[in-house]
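Worksheet for the structure shown next.
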There are 2 protein chains.
Amino acid sequence: MQAKNINAHLTEISTYFKMAISVDCVIFGFDNDELKVLLIKSDLNEFTGKWSLLGDIVRPEEELNEAAYRVLKARTGLDHVYMEQVQTFGGVHRHPAGRVITVAYYSLVNIEQNELKKHGNELHWHTVKDVTDMAFDHREILQSCHERLKHKVIEQPVGFNLLPKKFSLRELQNLYEAILDVKLDRRNFRKKFLSMDLLVDLHEEEDDVPHRPARLYKFNFEKYDQRKKRYLGIGF
Amino acid sequence: MQAKNINAHLTEISTYFKMAISVDCVIFGFDNDELKVLLIKSDLNEFTGKWSLLGDIVRPEEELNEAAYRVLKARTGLDHVYMEQVQTFGGVHRHPAGRVITVAYYSLVNIEQNELKKHGNELHWHTVKDVTDMAFDHREILQSCHERLKHKVIEQPVGFNLLPKKFSLRELQNLYEAILDVKLDRRNFRKKFLSMDLLVDLHEEEDDVPHRPARLYKFNFEKYDQRKKRYLGIGF
């Protein structure tokens with residue numbers, strides 16, 4: 001094959017420069033012992049009354065991550081949150097306006113700290129397991145991001161992004177149960193977590209709770225970062 | 001916000017339909033105890049003499065996965081291989097012809113079985129750790145896919161896609177060492193693998209090897225599939 005110059009190449013592929021790229025953000029939160037996702041009422045006639053993820057078209061001179069952070073900032077006012085690119089969805093007919101390929105991200109937000117910028121009533125925190133019908137292929141995107149989150153929380157301490165800085169072991173277990181959608185044995189869960197030696201006992205107790213106040217902990221991120229991840233955790 | 005009809009929306013976003021999407025495949029193989037990647041000489045003047053991943057522009061009516069399988073089939077003749085979407089790269093100036101966003105996949109190929117379709121000398125299996133300079137942002141893409149593979153092989157038995165059906169424990173260890181780029185303790189490695197009880201002793205030995213012939217095994221995929229993955233493997 002001969003080397004081609006860029007003009008020949010440009011002509012060859014110019015017919016393909018007709019697509020648009022969007023980002024869609026699955027913004028997870030945790031409230032009332034349930035995993036939540038922030039959704040917006042779709043403003044397209046096709047999808048009237050349906051909820052969709054928060055997203056936008058990527059601008060010509062914008063990086064993908066920039067676009068995702070822009071969407072998040074515009075909708076929630078938040079800047080520094082955990083965010084991860086998950087998967088790109090490119091179904092040929094997924095968008096009624098033309099070929100729009102979307103890059104899906106999820107982010108983890110502490111709902112308590114979050115000064116949610118509401119525009120009317122269009123934004124709403126939904127309980128993830130109750131979400132059924134959605135606009136576009138957004139339900140598939142939500143499921144894909146939820147799967148990634150399930151996977152991630154059992155191997156990295158990302159779940160703490162969803163909790164207040166001080167939390168009880170009960171809250172921590174509720175978080176894991178909500179994300180993984182399973183019931184966990186209380187004694188095993190506590191034993192497992194305490195044995196990792198990454199929780200700091202704050203010698204404080206919960207305030208204003210309708211049950212016996214529980215001990216509060218924080219996660220020791222410094223210690224976690226210092227520990228070298230060893231290889232050969234091979235196991236399947 | 002008022003509901004918009006699709007025409008208004010189309011006009012609004014029509015200026016954004018000027019991008020192209022490509023797929024890039026990081027095709028991994030294992031040979032001579034080394035992790036390999038299949039690369040092609042770039043045919044763009046800008047990148048003369050540099051190696052690039054195998055990829056192509058996604059066609060207007062083509063799904064992303066379809067495009068990735070098309071590239072793989074065209075270059076290697078292979079149809080049914082392990083393939084996984086990893087990450088999408090959208091750097092504004094990553095492609096000299098315009099805004100081309102690329103979706104990166106990796107696939108795992110058994111080099112022995114692979115009837116590599118060579119077009120001249122343009123295709124070549126490179127040792128991953130020796131690859132330095134590449135065309136476009138392909139080195140970054142290669143690294144990202146290699147990281148994903150490292151992660152994947154310790155939690156799922158995908159590495160067997162790179163081995164012959166019958167293999168020795170030495171070959172298996174060499175594979176893990178090549179992928180993870182670490183030296184593993186022989187005794188621990190064997191103990192760990194045999195304790196998972198997923199290797200089947202074939203009561204055969206290697207042929208034609210320059211060392212003492214080793215016992216051959218195969219991986220028990222049926223047993224693996226039957227085992228329910230339990231949750232609460234939480235550990236970090």
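Chain A is the first sequence line, chain B the second, and so forth, proteins listed ahead of strands; every chain is numbered from 1. Because the structure is a prediction, the values reported are computed rather than measured. Only this structure's heavy atoms are used, side chains among them; waters, hydrogens and symmetry mates stay out.
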A:Lys152 atom NZ, neighbour heavy-atom count above 12 within 6.0 Å: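 Yes, because the 6.0 Å sphere around NZ of A:Lys152 holds more than 12 heavy atoms from other groups.
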Problem set entry | SB check B:Arg186 B:Glu177 (cutoff 4.0 Å) |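 So B:Arg186 does not pair with B:Glu177 through a salt bridge.
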Practice problem: Indicate yes or no: does A:Asp201 engage A:Lys218 in a salt bridge with an N to O separation below 4.0 Å. | Solution: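 Salt bridge flag = no for A:Lys218 with A:Asp201.
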Discussion item. Quick check for you: among B:Pro157, B:Ser195, B:Gly90, B:Gly91, which has the greatest number of heavy-atom pairs under 4.5 Å with chain A?
Written reply: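 When all of B:Pro157, B:Ser195, B:Gly90, B:Gly91 are compared, B:Pro157 has the most.
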Margin query: Using a 4.5 angstrom heavy-atom cutoff, name the option from B:Asn65, B:Thr88, B:Ile21 with the most pairs to chain A.
Written below: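 Looking at each option in turn, the highest pair count goes to B:Thr88.
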Check: How about A:Tyr217 and A:Phe167: are their ring centroids closer than 6.0 Å?
Finding: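 No.
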inquiry  = Does any backbone or side-chain atom of B:Glu61 lie under 4.5 Å from a heavy atom of chain A? Answer side chain, backbone, both or neither.
reply    =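 Contact with chain A involves both backbone and side-chain atoms of B:Glu61.
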Worksheet item: For A:Arg70, what residues pass the side chain to side chain donor-acceptor pair (under 3.5 Å) criterion, not counting sequence neighbours?
Response: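 Counting only residues at least two positions away or on another chain, A:Arg70 forms a side chain to side chain donor-acceptor pair (under 3.5 Å) with A:Asp56, A:Glu62.
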key: Largest heavy-atom contact set with chain B, pairs under 4.5 Å, which of A:Arg94, A:Glu63, A:Gln87   =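 Of the candidates given, the most pairs with chain B belong to A:Glu63.
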key: Which portion of A:Phe89 sits near chain B, non-hydrogen atoms under 4.5 angstrom   =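 A:Phe89 touches chain B through backbone heavy atoms alone.
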Self-check item: Engaged part of A:Val58 at the chain B interface, taking heavy atoms whose separation is under 4.5 Å
Solution: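 For A:Val58, backbone and side chain are both near chain B.
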